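Order of the sequence lines sets the chain letters (A, B, ...), proteins ahead of strands, with each chain counted from 1. Computation of the quantities below employed the complete heavy-atom set of this structure, encompassing side-chain atoms and omitting hydrogens, waters and symmetry-equivalent molecules. Note that the structure is a prediction, hence the values are computed from the model and not measured.
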Amino acid sequence: MASYNVEEVEERIKKFWEKEKIYKFDIKRKGKIYSIDTPPPTVSGDMHIGHAFSYSQQDFIARFRRMFDNNIFYPFGTDDNGLPTEKLVERINKIKSKEMSRSEFIKLCLKTLKNITPDFIKQWKDLGISADYDICYSTIDKNSQKISQKSFIELFKTGRIYKKNFPSIWCPECQTSIAQAELEDKELQSFFSTIKFESEGKVLPIATTRPELIPACVAVFVNLSDERYKKFIGKKAKVPLFDYDVPIFADKSVEIEKGTGVMMVCSYGDKFDVDAINRYKLEPRVIFNYNGTLNFGKYKGMKILEARKKILEDLDKEGLILGKKQISHFVNVHDKCGTEIEFLPTEQWFIKILDKKKILISEGKKIKWYPKFMYKRYENWVNGLEWDWNISRDRHFGVPIPVWNCINCKETILPEEKELPVDPLEKKKICPKCKRVAEPETRVLDTWATSSLTPQLASSLIGNRIKLPYSLRPQAHDIIRTWAFYTIVKSYLHEKKIPWQNVMVSGFVRLKGEKMSKSKGNVIKPKEVIQKYGSDSMRFWAAGSKLGEDLNYQEQDLIAGKKFVTKLFNASKFVFMNMRKTKPKKPKKLEKIDELFLSELNRAISATTTRFKEYNYSGARLVIEQFFWKDFCDYYLEMVKKRIYKGKSNEKLSAQYTLYQSLLSILKLVAPIMPFITEEIYQTYYRKHEKEKSIHLSGWPKYEKFSEKNDWGVLVKNISLVRQAKTQKQIPLNSISDVITIPVKEYKIIKTYEEPFISVSGALVIKAGKEFKIDFPEVKVK
RNA sequence: GGUCCUGUAAGCUAAUGGUAGACUACAUCCUUGACGUGGAUGAUGCGCAGGUUCGAUUCCUGCCAGGACCACCA
């Protein structure tokens, strides 16, 4: 152990942990179980820095709890179900899923996943995430499919799940319906064109950003109190270019000031149109195919944007455009692909949730959110819900909806539980009523319908021994409206329970205040950071900001962690350089200064423990950092050095005992944040004297009441004054000083610790006086 | 438009109703038997305006700036 080789040590320690199964969950271990509903990362090529950030933060808590509570359930999972995986597989294999059969594509997905998942998970191991990787699920594995399908069947049987033909949010790119939670805003440049509609020979101008919807127009709305258009109410309007009539209604939702004050209702431009068409029982004119092309006339087959351009040209030719201006506005897009969404009438499966908004809010309130304000985001989301949860997706790769439909009698046929998991496409079912072959449901479940069951998925791997609520759900704030929300929904609907007692919500990593994204090209790869600085440093960095706060990434911040590792390494080397061969027993009488330092240690343990318990890992880091570097290294070590070198045996033993114990405690306090270096030091110096085979399995340091006296502070202050004086005089810190005068009030305290004080200050005489003063021997001028 | 979060040194980040503390960078000095990948010292800071208070960086209100989420987007 000459100098600390980060790469070599971390690799070796990692192997040690795996070989010794340090993080293996054992239900028989003593102590209350602390259970964590670990987030399953979406499988992709590389870990994102945001992952490194938030998984480190949850691992601090996991490691703290492992040492504190003794028994921790910390499973691992991967999310590889649904669109992101499909897209990844398409990219890797350079194919299009819709051009393959479902079973072919699924096979390819599973094969691709098998190839890339191990390397992906390895990055979590490299970071030192202390999950039990043997308790590992994938959201697409057979067991997960079974549990997810079982959930569907249960909810269907209780009437929570229904099927409805309804204009739903549709992504023309992914060609599937999606849920409200999957919408995102995107700013787009667009033309706001005023189009000439007519009614009885008079002009009715309508402004729109979506002229391609003109042929889908089924009504025109004006405001009842709008003097300009009042006279048209009840009459017909002629739709330009397409030459058919639509009714003109008065509707109070029309804002007089907006656009021209006249609006067209199309099937379907937005949620408002859906609502309006229902209210007035209008016959929709659906002009889009599922793939986002138009379905009629000369525009047939054109993509929406293409058709928009063409229709504008045609309108222009006919002199039907009254005005045109460029605007930028926000539109709803699909969060996975950024495509503008449409509303298309399709038959979809829904979980009814709108009637449970109130209770879902009160369920959310029962959970402790860290930081607290994150609860508000949940509440806002639930309050703003306008759709039931659409759980069907027209995709290939996902958990199949376990249903057959009888076309004849409309009966929905469910599988038996023992048949699960089942792919209806692969199995024939006969309608029990009509005795005819039923049609298999072709769609799959929304990926959240499965990942909202992560507590059950993980628990199922150990015989369902972990019950709701779990102790902790760690996650980032972007998925409060999805993962957190849906998990609360399912736990309530199935068990009438909250899924977890606590939620800790991490912030985001930013770069110069900006969100990192591939498109901006400002992505930092944790792999490379770890290679350069080590996992301990990476984790130390992740502990640098409060829970829930975003953190600006800058490479120089990694230096602090790296230095801290070196310091721990060197301090430990020093301590054991002067240690006896056997474990130093507690002497009958401790030196005063050792006693004082142990009491300071007590204080630090107490502060760290409190902070970790409150998920305040950054506060904990601050305390330990300060205590180890300043109090332990800069002051205590300096004070005991000489005694260690040449003290009498009992004096020496007192120092050795104190050093041994306090360093061990410090290492334990640091262990949740820096698991590698602390394990390395533990194995090198402590293992032969201590019974636990890993520091991470050792008990959290205990603390007792400590005195409120501030002797340590006084001592530190005076030593600091001595150093200040020497620095000002530009002389070495170990130089001798003649007389040090201490203020009367503090003199008594210093006198109590005279030996260590003299040892550090090099004073020949200490005396009481009015104020602090230091005299140096006269230096003869050459 | 609504809800929420954040504004502290050059950068990053704490605590606090009473002298604002680390870290990185910077400057000066110190090579002493753990560590120069070190030690010591130093300089620079509470977004703006009111209010409550003996006293506000902290509590309240407004404003400004940044961010998140939602709504609207004819």
Side-chain angles (χ1 to χ4, degrees), chain A residues 3-4 180 183-185 187-188 190 192 194-195 206-210 213 217 220-222 253-255 258-266 269-273 276 327-332 371 373-381 383-386 477-478 480-481 507-508 510 512-515 540-541 544-546 548-578 618-619 621-623 625-626 629-630 633-634 637-638 641-642 644-645 720 722-735 762:
Chain A
S3 80
Y4 190 71
Q180 191 182 346
L183 296 181
E184 216 173 63
D185 277 352
E187 188 167 18
L188 288 179
S190 183
F192 200 40
T194 306
I195 313 294
I206 294 182
T208 179
T209 53
R210 301 203 56 190
L213 282 173
C217 178
V220 168
F221 281 8
V222 296
S253 65
V254 178
E255 285 173 45
K258 211 162 185 176
T260 61
V262 187
M263 64 180 274
M264 58 176 187
V265 175
C266 305
D270 54 28
K271 205 162 44 194
F272 174 84
D273 285 342
I327 55 158
S328 88
H329 65 156
F330 287 90
V331 293
N332 269 328
F373 66 77
M374 289 295 179
Y375 164 73
K376 274 277 165 202
R377 301 199 181 179
Y378 170 81
E379 190 186 276
N380 282 346
W381 174 253
N383 273 325
L385 279 176
E386 297 190 43
H477 61 71
D478 55 332
I480 289 176
R481 64 180 187 170
F508 274 162
R510 308 172 152 279
K512 295 181 186 121
E514 282 193 346
K515 211 168 155 176
F540 192 75
W541 163 78
S545 82
K546 270 196 302 190
E549 297 284 309
D550 292 347
L551 182 61
N552 268 311
Y553 175 85
Q554 39 176 15
E555 191 172 339
Q556 60 172 27
D557 287 343
L558 272 303
I559 295 170
K562 200 161 185 196
K563 283 188 169 183
F564 197 79
V565 169
T566 308
K567 192 76 176 173
L568 278 168
F569 176 83
N570 283 316
S572 308
K573 190 166 79 181
F574 170 73
V575 165
F576 284 90
M577 228 159 66
N578 302 292
S618 60
R621 184 192 111 169
L622 231 54
V623 172
E625 205 181 352
Q626 186 81 14
W629 205 302
K630 300 282 178 202
C633 293
D634 292 349
L637 283 190
E638 294 301 328
K641 251 180 188 172
K642 287 195 181 137
I644 280 283
Y645 295 143
S720 170
V722 172
R723 289 174 170 170
Q724 208 171 325
K726 288 182 177 175
T727 301
Q728 268 160 17
K729 242 181 158 332
Q730 307 195 343
I731 56 175
L733 291 181
N734 65 340
S735 55

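- Interface remark: the A:T566 side chain does form a donor-acceptor pair with the B:U37 base, using a distance-only criterion of under 3.5 Å.
- In this structure B:U37 sits in no base pair that meets the Watson-Crick or G-U test at under 3.5 Å.
- Between the side chain of A:D550 and the main chain of A:F508, a donor-acceptor pair closer than 3.5 Å is present.
- When distances run from any side-chain atom of A:P732 to the nucleotides B:C72, B:A40, B:C30, the shortest one goes to B:C30.
- Protein atom CH2 of A:W381 is 17 Å distant from nucleotide atom P of B:A68, rounded to whole Å.
- Nucleotides B:C5 and B:C59 place their P atoms 12 Å apart, quoted to the nearest Å.
- Proximity of A:K726 to the phosphate of B:C29: no side-chain N or O atom is located under 4.0 Å from OP1 or OP2.
- Listed candidates were B:A22, B:A25, B:U31. Nearest to the side chain of A:K563 is B:A25.
- Residue A:N332 is in base contact, counting any heavy-atom pair closer than 4.0 Å across all strands shown.
- The distance between atom CG of A:D478 and atom C1' of B:A68, rounded to the nearest whole Å, is 10 Å.
- Among the protein residues, A:D273 comes within range of no part of the nucleic acid, since none of its heavy atoms lies under 4.0 Å from any strand.
- Atom-to-atom, CZ of A:F576 to P of B:C35 comes out at 17 Å; the value is rounded to the nearest Å.
- Look at CG on A:L558: it is 13 Å from P on B:A25, rounded to the nearest Å.
- Remark: A:W629 is in phosphate contact with B:G39, judged by side-chain N or O atoms under 4.0 Å from OP1 or OP2.
- For B:G36, the OP1/OP2 oxygens have no side-chain nitrogen or oxygen of A:K567 closer than 4.0 Å.
- At a threshold of 4.0 angstrom between heavy atoms, the contacts of A:E184 with the nucleic acid are absent.
- Only the P atoms considered, B:C29 is 28 Å distant from B:A20, to the nearest whole Å.
- By the side chain to side chain contact (heavy atoms under 4.5 Å, CB included) test, A:K642 pairs with A:S759, sequence neighbours left out.
- Looking at A:Q180, its side chain never comes within 3.5 Å of a backbone N or O of A:L385 through a donor-acceptor pair.
- Within the nucleic acid shown, A:L551 comes within 4.0 Å of sugar-phosphate atoms alone, with no base atom in reach, counting heavy atoms only.
- Taking the side chain of A:Q556 as heavy atoms from C-beta on, and the options B:G11, B:C72, B:G42, the nearest nucleotide is B:G11.
- A close approach under 4.0 Å does occur between a side-chain nitrogen or oxygen of A:Q724 and OP1 or OP2 of B:G42.
- Nucleotide B:U52 is matched to nothing when pairs are restricted to Watson-Crick or G-U wobble geometry with both distances under 3.5 angstrom.
- Side-chain proximity of A:K271 to the nucleotides B:C5, B:C72, B:C23 is greatest for B:C72.
- A:K729 has no side-chain polar atom (N or O) that falls below the 4.0 Å cut-off from OP1 or OP2 of B:C30.
- Protein atom CD of A:Q728 is 11 Å distant from nucleotide atom C1' of B:A40, rounded to whole Å.
- With both ends at atom C1', the span from B:A22 to B:A14 equals 7 Å, rounded to whole Å.
- Residue A:Y375 places none of its side-chain N or O atoms closer than 4.0 Å to OP1 or OP2 of B:U3.
- Within 4.0 Å of A:V254, counting heavy atoms only, lies at least one base atom of the nucleic acid.
- Atom pair A:F574:CZ and B:C35:C1' shows a separation of 11 Å (rounding to whole Å applied).
- OP1 or OP2 of B:U41 sits under 4.0 Å from a side-chain N or O of A:S720.
- B:G45 is unpaired under the Watson-Crick or G-U wobble criterion, no partner having all donor-acceptor distances under 3.5 Å.
- A:W541 places its CH2 atom 13 Å from the C1' atom of B:U13, with the value rounded to the nearest Å.
- Mapping A:M264 and A:K630 onto RNA chain B via the closest heavy atom, the residue that lands nearer the 5' end is A:K630.
- Taking every side-chain heavy atom of A:L733 into account, B:A40 is the closest of B:C30, B:A40, B:C72.
- Pairing partner, B:A71: none, since no Watson-Crick or wobble contact has both distances short of 3.5 Å.
- Minimum heavy-atom separation, A:G561 to A:F540: CA-CD2, 3.3 Å.
- Nucleic acid contact class of A:K562 (heavy atoms, under 4.0 Å, all strands): none.
- If you check every strand for non-hydrogen atoms under 4.0 Å, A:T209 touches sugar and phosphate atoms only.
- Within 4.0 Å of A:G544, counting heavy atoms only, lie sugar-phosphate atoms of the nucleic acid but no base atom.
- Searching all strands for a Watson-Crick or G-U wobble partner of B:U13 with both distances below 3.5 Å returns B:G21.
- Taking the C1' atoms as reference points, B:A9 lies 42 Å from B:C72, given to the whole Å.
- At a threshold of 4.0 angstrom between heavy atoms, the contacts of A:E379 with the nucleic acid are absent.
- Contact annotation: A:K573 does not reach the phosphate of B:U37 (side-chain N/O to OP1 or OP2, under 4.0 Å).
- Nucleotides B:U52 and B:C60 have their P atoms positioned 16 Å apart, rounded to a whole Å.
- Nearest to the side chain of A:K546, among B:A15, B:U3, B:A68, sits B:A15.
- Mapping A:T727 and A:K641 onto RNA chain B by nearest heavy atom places A:K641 at the nucleotide closer to the 5' end.
- With P as the reference atom, B:C64 and B:A56 are 25 Å apart, rounded to whole Å.
- If you check every strand for non-hydrogen atoms under 4.0 Å, A:C266 touches nothing.
- Ranking B:A71, B:A68, B:A40 by closeness to the A:R723 side chain, first place goes to B:A40.
- Within 4.0 Å (heavy atoms only), A:Y645 reaches at least one base atom of the nucleic acid.
- For B:C12, one of the phosphate oxygens OP1 or OP2 lies less than 4.0 angstrom from a side-chain nitrogen or oxygen of A:N552.
- Atom P of B:U32 sits at a distance of 36 Å from the matching atom of B:A10, rounded to the whole Å.
- In this structure, the CZ atom of A:F272 is 11 Å from the P atom of B:C72, given to the nearest Å.
- B:G39 and B:A34 have their P atoms separated by 13 Å, given to the nearest Å.
- Of the listed nucleotides (B:A34, B:C4, B:G67), B:C4 has the atom at the smallest distance from the side chain of A:F373.
- In this structure, A:A571 reaches the bases: a heavy-atom distance under 4.0 Å links it to at least one base atom across the strands shown.
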